[in-house]
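Okay, so here's the structure we're looking at.
Reminder, nothing fancy here: chain letters follow the sequence lines and each chain counts from 1. Keep in mind that the numbers below use all heavy atoms, side chains included, and drop hydrogens, waters and symmetry copies.
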Amino acid sequence: MHGLSFDVAHLLAGSLVLLSFMLLYQDRLYALLNVFALQASVLALSVAWQAYAQGAPHLYVTAAIALVFKAIVIPVALHRIVAKLGIHREVETVVGIGPTMLAGMALVALSLVVMLRAAAIADPLAREDVAFALSVVLLGLLMMITRQNAVSQVVGFMSLENGLILAAAGAKGMPLVVEISVAFSVLVAFIVIGVFLFRIRERFDTVDVEALDRFRGGRRR
Amino acid sequence: MSVVPVTIALGCVAAFLVVAVLAVVAGRTRVATPLIYAACLVVALAAFTNAFAALVTGAAPSAAASPLGLPWIGARFRIDPLAAFFLAVVDFGAAAASLYAIGYGRHEDEPQRVLPFYPAFLAAMNLVVLADDAFTFLWSWELMSLASWALVMAHHREEDNARAGTIYLLMASFGTLALLLAFGLMAGPDGGYAFADIRAEGPSPFLAGLVIGLALVGAGSKAGLVPLHVWLPLAHPAAPSHVSALMSGVMTKVAVYGFVRITFDLLGPPDIWWSIPVLAIGGGTAVAGVLYALMQTDLKRALAYSTIENIGLVFVGLGLALAFDANGLRAAGALALTAALFHVLNHMLFKSLLFLGAGAVLVATGERMMEHLGGLIRRMPVTSAAFLVGSAAISALPPLNGFASEWLLLQAILLSPQLPQWGSKLLLAGVATLLALSAALAAACFARIYGVVFLGRPRTSAAETAHEVDRASLAAMILLALLCLGAGILPGLVIDGLAPVVASLTGAQMPTQAGIAWLSIVPVSESRSSYNGLLVFLFILSSASLAALLVRWLASGATRRAPAWDCGFPDPSPATQYTASSFAQPIRRVFGSYVFRAREHVEMRPPGDVGPARMKVTMHDGAWDLLYDPLVNAVAFAARKLDKLQFLTIRLYLSLVFFAVLFLLLVLALWP
């Protein structure tokens, strides 16, 4: 039983990393949002599996939160925003797809090297989970810094947060209150960013954050 | 019963704080000034009596704990002989300054800027000495710095005072940081911040070395060791004069206390090399301080630089005591420590006296520049006499107290051939030379100050119309002058009074001086050396009286007419007298051209031009040129470069975070 539960957890965490890579090379916003929704669903599955394997029922709540908010509510809302703003074609990358993917691979390698050594004494389930979670976090950060478009930055942020939840679920004993508050803070962040998206759009006719920088540069001079 | 001294001392601190609060409320009213200072005087006298009694009666160390302070730790206080001695020094200086201020304070334009901080400053200095755990010590130390900073800024609209305040605040924070690290290292990973725990711990030699360095930086920056002295000659003169007296005469002693407490008490048995930086820096400070003092034309600033010199002497004594103790030469160590502590007491007496005298001159003439004074001995006879006593004492002339302590210090240096290490012997020979040089230069410095300010003819109408100051101020100066004389005539009493302090720190003490015939003092043994202040005093008194009588008796009273061209002083203008700058010119040429890179430029007019020729002297302060200016420039350069970080795009900020995380992970991955 231990072997099976370990393998399934490993598989699900590995799929999360794979989906992070898929996020990196999407060049349409709708596709990006779909992949993100898929990642959130896999996250929910993974957390639920942890709940089952660890016998920790409160993790089911976390899984449900992840499924409802991150796999359904936020992607749907972002879909509507993108449709309303009419920006579904705009995914402008700063660095090309190829180099980004190579950098992503290096990051995954780095996080595996660090985590497998740093957490050598932890039990294998938590250890590999944490290593994958760190990869997801780093890939999310990488996505945030290689995209110009505000919507894809939001998606990068959300996927980074997925990594955090994965780590939290793997490390036994994180209280439910903390998980719920993290979930709500993500929701609030989403709302704030959504409002800002509209405001930016109203003023500059684009959600390319370069426009913000140009504007601020003008103010400085 | 043994709790009593520390309870009284804490009561006095509380009383000071109550007075401070009252001063906030009543500071603006006219009658408040003398009342507040009188209250400070009473409280300071009570605290002094308490500490003095604890020192003289040899009461067992008494401790108290208060729940105020860090949670679960509270605050601990303790009076042992060392604390009692320094409390007595602090509170006596405070009492003298308060007495002076009863009269002097009336001349303050905005008393509400001084009155609340003055009692708080006194309370803080008491608390530093009373503290028995690191947290209380550092807290009180910071309170002391802040209260004195507020007093320095009392006249903040005057030129340069704001700059003095800023530099003081920076240096004070830096010093406290060093002390914080020192205490952190001593407390160890378990966080035993009570002094008793630190004593029990005994750090490793490496840590002890670090602590010595940090204590030298932390306490030394407050005391004014070169090159950490830069704030002192700016801040001390900027404060009102009674506060200058406190800062120079008393606060620097609190800094010395901090150093003594850490090195002699908390760190345990010393190592020989601890003494080397202390001796070298102390000797250098002594000479540099007095050379600076000789170059100044501002009276109070010259006095502040002279404080630096005296602190150097005290640190030489402390370094010597460390060197002797490390080699088990207990008696010699006790002698050196006694000399250092004796000089602490003496410097409190005469430097307070001199600053109070400078304050009296300032009140009477409104001038601090020596070039604008002169001839005050006829206008202010009592102040002049007191200032003369202080000048003679600080120049180490017998029979005054300065001679007694510097003589003891040199006696201790003469014992240094007993040290087994050749390096220390050679270093001490060099330090002895520096001390001799600084003593001679100090005499020149105070001959210059006294001669230019009080002798000769008035150089300005302000000096011509000066009046003697009020009685309270005079009383404070006379009291201090008498004590300078008393401690010089009867040094044996002081040495015996210091015996319990020295015994508690080094485990040995100087031979008891009370039973020796004719009140002589014998530091080591009769065959080596002895000094009798009383006999010297009587000899000077009798021979001077005799000479005066003979002159009066033998000289003719007939009026003499002298030629117009007499003694090269025919011009009636007072501008032809020696000035402060011209008096110091030989020394400036000999030492200043090297130490301060002093250069003279003479600007001659071309033939036919009737304009005056001009001579300009330029000097450089090495501490600023080599240390502080580059530091300031480096900080400004870094700030300019980092300023760009304020205007990055969101994506670049995120990239910074990303690469910082990446860097840390790489370090973790590559760490062996």
Requested in this report: Count the heavy atoms of every other residue, nucleotide or ligand shown that sit under 6.0 Å from CH2 of B:W273, and state whether that count exceeds 12.
Outcome: yes
Requested in this report: Please report the closest heavy-atom contact between A:V114 and B:A669, naming both atoms and the distance.
Outcome: CG2-CB, 3.6 Å
Report task. State the CE-CG distance between A:M115 and B:L668, to the nearest 0.5 angstrom. Result -> 7.5 Å
**Report entry** Atom CZ of B:F174: over 12 foreign heavy atoms under 6.0 Å
**Finding:** no
Requested in this report: Name all residues meeting the side chain to side chain contact (heavy atoms under 4.5 Å, CB included) criterion together with B:D625; count only those two or more places apart in sequence or in a different chain, and write none if there are none.
Outcome: B:R597, B:H620, B:D629
Requested in this report: Would you please name every residue forming a salt bridge (Lys or Arg N to Asp or Glu O under 4.0 Å) with B:R76, sequence neighbours left out?
Outcome: none
Requested in this report: Could I get the full list of salt bridge (Lys or Arg N to Asp or Glu O under 4.0 Å) partners for B:R163, not counting sequence neighbours?
Outcome: none
Report summary line: If you tally heavy-atom pairs under 4.5 Å between each of A:L141, A:L134, A:T146 and chain B, the highest tally belongs to A:L141
Report summary line: Expected contact set for residues 95-112 of chain A against chain B at heavy-atom separation under 4.5 Å reads A:L107, A:L110
Query raised in the report: Is B:L665 close to A:L138 at the side-chain level, that is, under 4.5 Å between some pair of heavy atoms?
Result: yes
